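Below: one structure, written as C-alpha cells.
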There are 2 protein chains.
Amino acid sequence: MIDFSQLDKVIHEKGRLAIMSLLAARPEWRFQDLKTELSMSDGNLVTHLRTLHKAGYVSLTKEHDGRPQTSYALTDRGREAFLGYVAVLESIVLKHKPS
Amino acid sequence: MIDFSQLDKVIHEKGRLAIMSLLAARPEWRFQDLKTELSMSDGNLVTHLRTLHKAGYVSLTKEHDGRPQTSYALTDRGREAFLGYVAVLESIVLKHKPS
DNA sequence: TACGTAACTTTGCGCCACAAAGCTTCACCG
DNA sequence: CGGTGAAGCTTTGTGGCGCAAAGTTACGTA
C-alpha cells in the first residue's frame, strides 16, 4: 500500500511544488526569475518561499549589485525532502500507470 | 516545462488522492472498507466523497442488504481525470528521479 | 529631490480540511 | 411494541491557508 501520510505537506501544494521543482533543476534562482517563470504575485511568492525557508528546504542570499537581488537555492535537506516526495509520486505512478 | 496548473485541484489533496487511488485499484468499495483503510472520520470521508461525486469522478450505489450499505466506484470521467493527474506526476518523476 | 524598482510585510477575504456531535433509517432483540 | 445499536449522512465550529492588493523600506538613478 501507498503511504499517503508520507506526502510532505509543505511540498504538496501546487505553488510550492512548482518552486521546488525549479530549484531542484537549477542550483540558484533569482527572485525575479522565479516570479516570471511562475506568473505568481510577489507577495504570494515570498510567502511560499518563507514557508519553504522555515521548513529548512531553501536558503537565500541577498546581494546588492545595483538593484537589490535575492537568490534562492535548495538546501541539502530540501533536496532530500523533495526526492522523498518524488519517490512517493513514483510509487503512485507505478501502481496506476497503464501499460 | 511541467504545467503545474494542470494538476487537478479536486484530486490534488492527500485525502482525495488516497481515495482515488483506492477506487482506481479496485472496481468497487464499500463505505466501511474505505473508512477502515483510510483511518478517516466518517464525516470527513463523506465530505471528500461528495466533493468527488460533485466533480463527476465517483458514482455511488445504495443498498439495504441487512444494514444500509453504500458502495463507491470511479466513473469513466473519474478514471480519465485520475490518469491525467498521474501523467503529470509521471512528468515530475521523470524530470527529477535520480538515475 | 522626486521617482522607480526589488523585496518584503500587512491586511483582508474566502475557501477548505477536519473533528465532534446530532440526525435519520433500519434491523434485531427483549 | 419500545429500546438499542449501527450505517450513512448533515450540521456546526474552528483553525489554517492560498491569494491578491496595497502599503513599506531601501536603494540607485534622472
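Fair warning: this is a prediction, and the values are worked out from it, not measured in the lab. Within every chain, numbering begins at 1; the chains are lettered A, B, ... in the order of the sequence lines, protein sequences first and strands thereafter. Hydrogens, waters and symmetry mates play no part in the numbers below; they use all other heavy atoms, side chains included.
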> Can you list the residues that meet the side chain to side chain donor-acceptor pair (under 3.5 Å) rule with A:S5, with sequence neighbours excluded?
Replying inline: A:D3

>> Let me confirm one number: the OG1-CD distance from B:T61 to B:E28, rounded to the nearest 0.5 Å.
In response: 4.5 Å

>> Using a 6.0 Å cut-off, check whether atom NZ of A:K97 has over 12 heavy atoms from anything other than its own residue.
In response: no

> For A:K9 and D:dC17, what is the distance between atoms NZ and C1' respectively, to the nearest whole Å?
Replying inline: 8 Å

>> Working to the nearest 0.5 angstrom, can you tell me the gap between A:L89 CG and B:L17 CG?
In response: 8.5 Å

> Does one side chain, of A:Y57 or A:D76, offer a donor that lies under 3.5 Å from an acceptor on the other?
Replying inline: no

> Rounding to a whole Å, what distance do you find between A:K14:NZ and D:dC17:C1'?
Replying inline: 15 Å

> If an axis is fit to five pairs at each end of the helix from C:dT1-D:dA30 to C:dG30-D:dC1, what is the angle between the two, to the nearest 10°?
Replying inline: 20°

>> Below 4.0 angstrom, which residues in residues 36-52 of chain B have at least one non-hydrogen atom near DNA chain C?
In response: B:S41, B:N44, B:H48

> A:Y85 and side-chain hydrogen bond (donor to acceptor under 3.5 Å, both in side chains): which partner among A:Q6, A:E90, A:E80, A:H12?
Replying inline: A:H12

> Does B:K62 have a side-chain nitrogen or oxygen under 4.0 Å from the phosphate oxygens OP1 or OP2 of D:dC9?
Replying inline: yes

> Between D:dT10 atom P and B:H53 atom NE2, what is the distance in whole Å?
Replying inline: 11 Å

>> B:T70: which residues meet the side-chain contact (heavy atoms from CB on, under 4.5 Å) condition with it, sequence neighbours left out?
In response: B:L60, B:K62, B:Y72

> Quick check: does any side chain N or O of A:R79 sit under 3.5 Å from a backbone N or O of A:A24, one acting as donor and the other as acceptor?
Replying inline: yes

> In whole angstrom, what separates A:E63's CD from D:dC27's C1'?
Replying inline: 15 Å

> Pick the nucleotide of DNA chain D nearest each of B:R30 and A:P68; which residue has the one closer to the 5' end?
Replying inline: B:R30

>> Would the distance check show the side chain of B:S39 and the main-chain N or O of B:K35 forming a donor-acceptor pair, the cut-off being under 3.5 Å?
In response: no

>> In the structure I gave you, are the side-chain heavy atoms of A:R26 and A:L22 within less than 4.5 Å of one another anywhere?
In response: no

> Between residues 19-28 of chain B and DNA chain C, which residues have a heavy-atom gap below 4.0 Å?
Replying inline: none

> Taking atom C1' of D:dA7 as reference, at what distance in whole Å does atom CG of B:L34 sit?
Replying inline: 14 Å

> So, does A:R30 use its side chain to make a donor-acceptor pair with the main chain of A:Q69 at under 3.5 Å?
Replying inline: no

>> Looking at A:R16, I'd like to know whether one of its side-chain N or O atoms comes within less than 4.0 Å of OP1 or OP2 on D:dG18.
In response: yes

> So where does chain A start and stop touching DNA chain C, 5' to 3', when the test is distance under 4.0 Å to a non-hydrogen atom?
Replying inline: C:dA6 to C:dT9

> Between atom CD in A:Q69 and atom C1' in D:dT25, what is the gap in whole Å?
Replying inline: 18 Å

> Does a donor on one side chain and an acceptor on the other come within less than 3.5 Å for B:H53 and B:S59?
Replying inline: no

> Do the non-hydrogen side-chain atoms of A:F4 and A:I92 ever get within less than 4.5 Å of each other?
Replying inline: yes

